[in-house]
Amino acid sequence: MDMQALREEQMEKASQIVRVDDLGFEQPTLIAGADVGFEQGGDVTRAAIAVLRYPSLELVEYQIARIETQMPYIPGFLSFREYPALLKAWGMLQHRPQLVVVDGQGIAHPRRLGVASHFGLLADVPTIGVAKSRLCGQFAPLDDAAGALQPLNDKQEQIGWVWRSKARCNPLFISTGHRVSLPTALSFIQSCMLGYRLPEPTRWADAIASNRPAFQRWLLQDSDNRV
DNA sequence: GCGACAG
DNA sequence: ATCTTGTCGC
């Protein structure tokens, strides 16, 4: 693959990313979490999108899309590996979320186009990037207490936040995906917490993509409700 | 040249 | 990311 061409595509699309609030709603009614996993040694890419009601944060719908893996994982080029499956899952949704929390960086990326930004631009939906580790940028030492916050900076500009969502847990890396400002990205994620390290949209998407016990229990309860 | 490096 | 049991700490 032509890495230089991908790099230029990133820079071109990054210039289209909207970093200020252009949400299209006062308070959202439906939000979503998106996560991607892999099967069969990496040959199959699986994207899960969970739709939650806001602000109650109950799960109302989920979709799982599976496609043949298109690209290897290369740091800085994750979005090209993950967005095709994400777009497929997005197209399968019966509900239309007004904002999507994507597992990965938004503009906290060397060329300011992490997977959250890339997906948000292609789907034309407001997105926020929530990553579990750092890709680039620097930040001051973070206090141990839950709620500790530091700006994530790179080349004289703030590209995100480092936020300890829970005590004794590694911090989250939160950044603008698309059509959301940095302050809004942080406060919105803070309004999606229920006592765990990860915000609910991400937590549900992760549980669904990995078929976790919490998701299996929800499936049972849901089938009982339908009977 | 060397180290770092989302998922 | 994924492969996987027990184990340490609150």
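If you're wondering where the values come from, they're calculated on a predicted model, not measured in any experiment. So that the names make sense, note that chain A is the first sequence line, chain B the second, and so on, each numbered from 1.
Cation-pi geometry between A/Arg7 and A/Phe77 is not met at under 6.0 angstrom from the ring centre and within 45 degrees of the axis. The side-chain tip of A/Arg96 points at the ring of A/Trp90 from less than 6.0 angstrom away and within 45° of straight on.
Minimum atom distance to the side chain of A/Phe38 is reached by C/dA1, of the listed B/dA6, C/dC10, C/dA1. Set against B/dA6, C/dA1, C/dT2, the side chain of A/Arg46 has C/dT2 as its closest nucleotide. Which of C/dC10, C/dT2, B/dC5 sits closest to the side chain of A/Leu135 comes down to B/dC5.
Within 4.0 Å of A/Gly37, counting heavy atoms only, lie sugar-phosphate atoms of the nucleic acid but no base atom. Residue A/Tyr73 is in base contact, counting any heavy-atom pair closer than 4.0 Å across all strands shown. A/Gly42 comes within contact range of no nucleotide atom at all, as no heavy-atom separation falls under 4.0 Å. Within the nucleic acid shown, A/Phe77 comes within 4.0 Å of at least one base atom, counting heavy atoms only.
With rounding to whole Å, A/Lys132 atom NZ is found 16 Å from B/dC5 atom C1'. Note: CG (A/Leu86) to C1' (B/dA6) measures 13 Å, nearest angstrom. What separates CG of A/Asp206 from P of B/dA6 is a distance of 17 Å, to the nearest Å. Distance A/Leu78 CG to C/dT2 P: 12 Å, rounded to the nearest Å. In this entry the distance linking CD of A/Gln40 with P of C/dC3 reads 11 Å, nearest Å. As rounded to whole Å, 19 Å separates atom P of B/dC5 from atom CZ of A/Arg81. As a whole-Å value, the separation of A/Phe119 CZ from B/dA6 C1' is 17 Å. What separates CZ of A/Phe80 from P of B/dA6 is a distance of 17 Å, to the nearest Å.
The other members of the hydrophobic cluster of A/Leu142, by chain and number, are A/Phe139, A/Leu152, A/Ile159, A/Val162, A/Phe173 (side-chain heavy atoms under 4.5 Å, ILVMFWY only).
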List, with names and distances, any nitrogen or oxygen atoms from the protein found under 3.5 Å away from nitrogen or oxygen atoms belonging to nucleotides 4-7 of chain C.
none

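Judged by distance alone, the side chains of A/Asp21 and A/Ser181 do bring a donor and an acceptor atom under 3.5 Å apart. Side-chain atoms of A/Glu12 and A/Gln10 form no donor-acceptor pair, as typed in the model, at a separation below 3.5 Å. Inspection of the A/Tyr54 and A/Ser191 side chains reveals an N or O donor paired with an N or O acceptor under 3.5 Å.
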Worksheet item: Can you check ring pair (Phe, Tyr, Trp, His ring centres under 6.0 Å) on A/Phe119 and A/His178, steps first, answer last?
Response: CA-CA 9 Å; A/Phe119 172 77; A/His178 185 45; over 10 Å; no
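OP1 or OP2 of B/dC5 has at least one side-chain nitrogen or oxygen of A/Arg134 nearer than 4.0 Å. Contact annotation: A/Ser133 side-chain N/O to B/dG7 OP1/OP2 distance is under 4.0 Å.
The line from CG of A/Leu122 to CG of A/Leu87 is 5.5 Å long, rounded to the nearest 0.5 Å.
For A/Glu82 and A/Arg168, each mapped to the nucleotide of DNA chain C holding its nearest heavy atom, the one lying further toward the 5' end belongs to A/Glu82.
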